[in-house]
Amino acid sequence: MLSQLYIKNIAVISEAVIDFDPRFNVFTGETGAGKTILVSAINGVLGARLTKDIIRSGEDSAYLSALFTKLPQQVREKIEEMGFESKDDTLLISRELGAKNVCKVNGRPATVQILREIASLLIDIHGQKDNHRLLDPESHISYIDEFGSLQGYLQKYRVLYEEILDVKHRLEQINRKDREKEHLVDLLTYQIREIESAQLKPGEEEELTLRRDQIANAEKIIHLLSSSKQLLDGEEETAGIVQLFEELTGNLSKLSHFLPQMEDLALKMEEISYEISDCSGDLGSYLDSVDYQPQELDMIEERLDLIYKLKRKYGNSIEEILQYLEKIKVQLDQLTLSEEKAEQLQAEYLRLKPLVQEAADNLTAQRHRTAKEFLSRVKRELEFLNMPSVRLSITAGRSGWKPDGQDELEFLISSNVGEEPKPLAKIASGGELSRVMLSIKNVLAEKDQIGTAIFDEIDTGVSGKAAQKIGLKLKEVSGNRQVICVTHLAQVAVFADHHLLIHKQEQNGRTYTHIDFLDESQRVKEIARMISGDNLTDTAIKNAEEMLALASGEEQEQKKAD
């Protein structure tokens, strides 16, 4: 479960420490109070893309951390496989934005990609984008595959599909029209000859650039070397550093006869004197080795110009050019293969074709079998969520082979008696979409081990009894996993075990967002505000108290029914 979230300098949140309950948590607050920022912060610490624009105005950096506790064994093992320890069944993920972007897992450096991978084991976040995704029929297959644990069937198909795709591509290259093929062979041959004749070496451009800079600054380099040598060796009438250190060493050596405590210092200075003398020798060697020929600069410029022209054609670096060379060599070999090779590929294609079709058919059969149970389970969820007349079905068609198989599946729904099921995009309202998505999430949740589910305004477009049912359903879900919900409906908030209020304050010309845990009396007032607005009348307070009492009673009734 998500035990604690720490936020510092994110948008209008200066600093906040949020403790979570292992059961049903809700966040409420007026529009614009910062509920969206809260969800962004949770997404951010779990690896979502964040820009520096989210850093609070006037601050140089922002910091986020999330503490997870009671990690199940399977999650701990997967995290340890990634190279991170999970001591005491806890995990601390942190992320800092600013001059340096730093991610850590239990104190050890990590990448944003690792945060995303770990997040997939810990939290399932549902937002409005999931509702929009539900309107895309291409996403419906993924729900079926997830519910039926069909990843094995899908992976087996994909391996064969990628294999036959590769064979088909190579066969098509060989079977190109002669004229087109000859033209491409000439082009590739020219490119290979041009790159190979240049005899490029990795790192060559950097070495040439450095050498060019040395030649261009030859006069300055020689002057600095000579000046440094002169400072060490001195001149006819001026002692250099080497001589001065020799004199200093002699003085200290003599002093050590009278002051024994000076002996260590004398030895140290003697060692330094030897090192300085060696440095003088090294400088002399450097100076003697300096040999900058003007014609060498012309040769370097010509070479760099050749590299620049090749980069414009074949890659952004010598390494990329050499990679391209290997690629087109393979391509040329494929184009100049004999008819025997073409026959071999054709035979391989014919061998793979029935295997791919068999794998696709197996995947299709499993999807059709799974879809019936999936829709039945979703229908039961929707009936509970105040859609008693709902009918669900699925259209199943076939296309050619694609990365996800040969199936074209789309969910159909009818929410009213006498109406034939139609695509979700054509008839589902915002409230119905929210309930369909919640139902799907609940059905899929039974198949995974994720301990925390976050719902960002799952109740959009819902009111009245349907909203009450959503609240009761979220309460039910929290019996098996932690639920965190951002809501604007009192009918949902009254079922929470842990109620947090997000509100803004203005202080000294700045806006601050605060997140406070509500006790029972404060909670009554917040529910009343959600019902009737800021005018907290005695009637509104009484209604809030009744709703909280009714929610508690309904929860008990639901437990008895279960």
Side-chain angles (χ1 to χ4, degrees), residues 24 26 126 128 130-135 137 139-140 143-144 147 370-396 409-447 453 455 457-481 483 485 487-496 531 543 546-562:
F24 187 15
V26 297
H126 167 76
Q128 290 301 304
D130 292 294
N131 287 357
H132 295 309
R133 181 169 173 255
L134 191 58
L135 296 176
S139 68
H140 296 179
Y143 298 131
I144 301 297
F147 176 76
T370 301
K372 294 179 181 179
E373 183 183 355
F374 177 75
L375 293 181
S376 176
R377 299 279 288 278
V378 172
K379 183 176 185 296
R380 289 203 299 269
E381 293 283 333
L382 287 170
E383 288 171 348
F384 177 84
L385 294 175
N386 206 40
M387 295 180 68
S389 302
V390 69
R391 291 169 60 200
L392 294 173
S393 61
I394 194 168
T395 60
L409 303 179
E410 182 176 7
F411 298 151
L412 304 180
I413 185 172
S414 169
S415 52
N416 298 308
V417 176
E419 291 184 2
E420 288 300 314
K422 296 179 181 179
L424 286 167
K426 292 186 177 181
I427 64 169
S429 65
E432 288 172 335
L433 277 179
S434 295
R435 281 177 281 176
V436 171
M437 197 67 242
L438 176 58
S439 299
I440 290 175
K441 289 282 184 178
N442 288 341
V443 170
L444 295 179
E446 300 171 10
K447 296 289 183 177
F455 296 95
E457 297 192 354
I458 186 67
D459 47 26
T460 297
V462 180
S463 61
K465 190 174 181 181
Q468 187 179 21
K469 288 285 189 175
I470 286 179
L472 189 56
K473 173 54 67 175
L474 292 175
K475 179 68 176 181
E476 177 188 329
V477 173
S478 69
N480 298 316
R481 65 177 59 200
V483 172
C485 178
T487 183
H488 63 279
L489 292 181
Q491 294 96 321
V492 173
V494 292
F495 286 97
I531 297 171
N543 286 342
E546 290 176 352
M547 285 185 68
L548 286 165
L550 183 61
S552 178
E554 289 194 2
E555 179 187 347
Q556 296 302 320
E557 288 296 325
Q558 184 63 32
K559 287 181 178 179
K560 291 179 182 179
D562 293 340

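Heads up: numbering here begins at 1 and tracks the sequence. On a predicted model such as this, the values are computed, not experimentally measured, just so you know.
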Of the non-hydrogen atoms in [X] and [Y], which two are nearest, and what is the gap between them?
| X | Y | result |
| --- | --- | --- |
| Ser389 | Ser415 | CB-O, 3.9 Å |
| Ala496 | Val26 | CB-CG2, 3.4 Å |
| Lys475 | Phe495 | CD-O, 3.2 Å |
| Leu412 | Pro423 | CD2-N, 3.4 Å |
| Ala467 | Val492 | O-CG2, 3.5 Å |
| Gln491 | Gly464 | NE2-N, 3.5 Å |

Kindly compute the distance separating [atom1] ([X]) from [atom2] ([Y]), expressed to the nearest 0.5 Å.
| X | Y | atom1 | atom2 | result |
| --- | --- | --- | --- | --- |
| Ile394 | Leu409 | CD1 | CG | 4.5 Å |
| Leu382 | Ile440 | CG | CD1 | 8.0 Å |
| Phe147 | Thr370 | CZ | OG1 | 7.5 Å |
| Glu476 | Lys469 | CD | NZ | 10.5 Å |
| Arg391 | Glu420 | CZ | CD | 5.0 Å |
| Met547 | Gln468 | CE | CD | 7.0 Å |

Under 4.0 Å between a side-chain nitrogen and a carboxylate oxygen: does that hold for Glu383 and Arg380?
no
Main-chain N/O of Glu373 paired to Ser376 side chain as donor or acceptor, under 3.5 Å:
no
Is [Y] close to [X] at the side-chain level, that is, under 4.5 Å between some pair of heavy atoms?
| X | Y | result |
| --- | --- | --- |
| Tyr143 | Val443 | no |
| Ile413 | Met387 | yes |
| Leu392 | Val436 | no |
| Leu438 | Glu381 | no |
| Phe24 | Val477 | no |
| Val390 | Val378 | no |

For a side chain to side chain contact (heavy atoms under 4.5 Å, CB included) check, start with the C-alpha distance between Thr487 and Phe455, then their side-chain angles and the critical distance, and finish with the verdict.
CA-CA 8 Å; Thr487 183; Phe455 296 95; over 6 Å; no
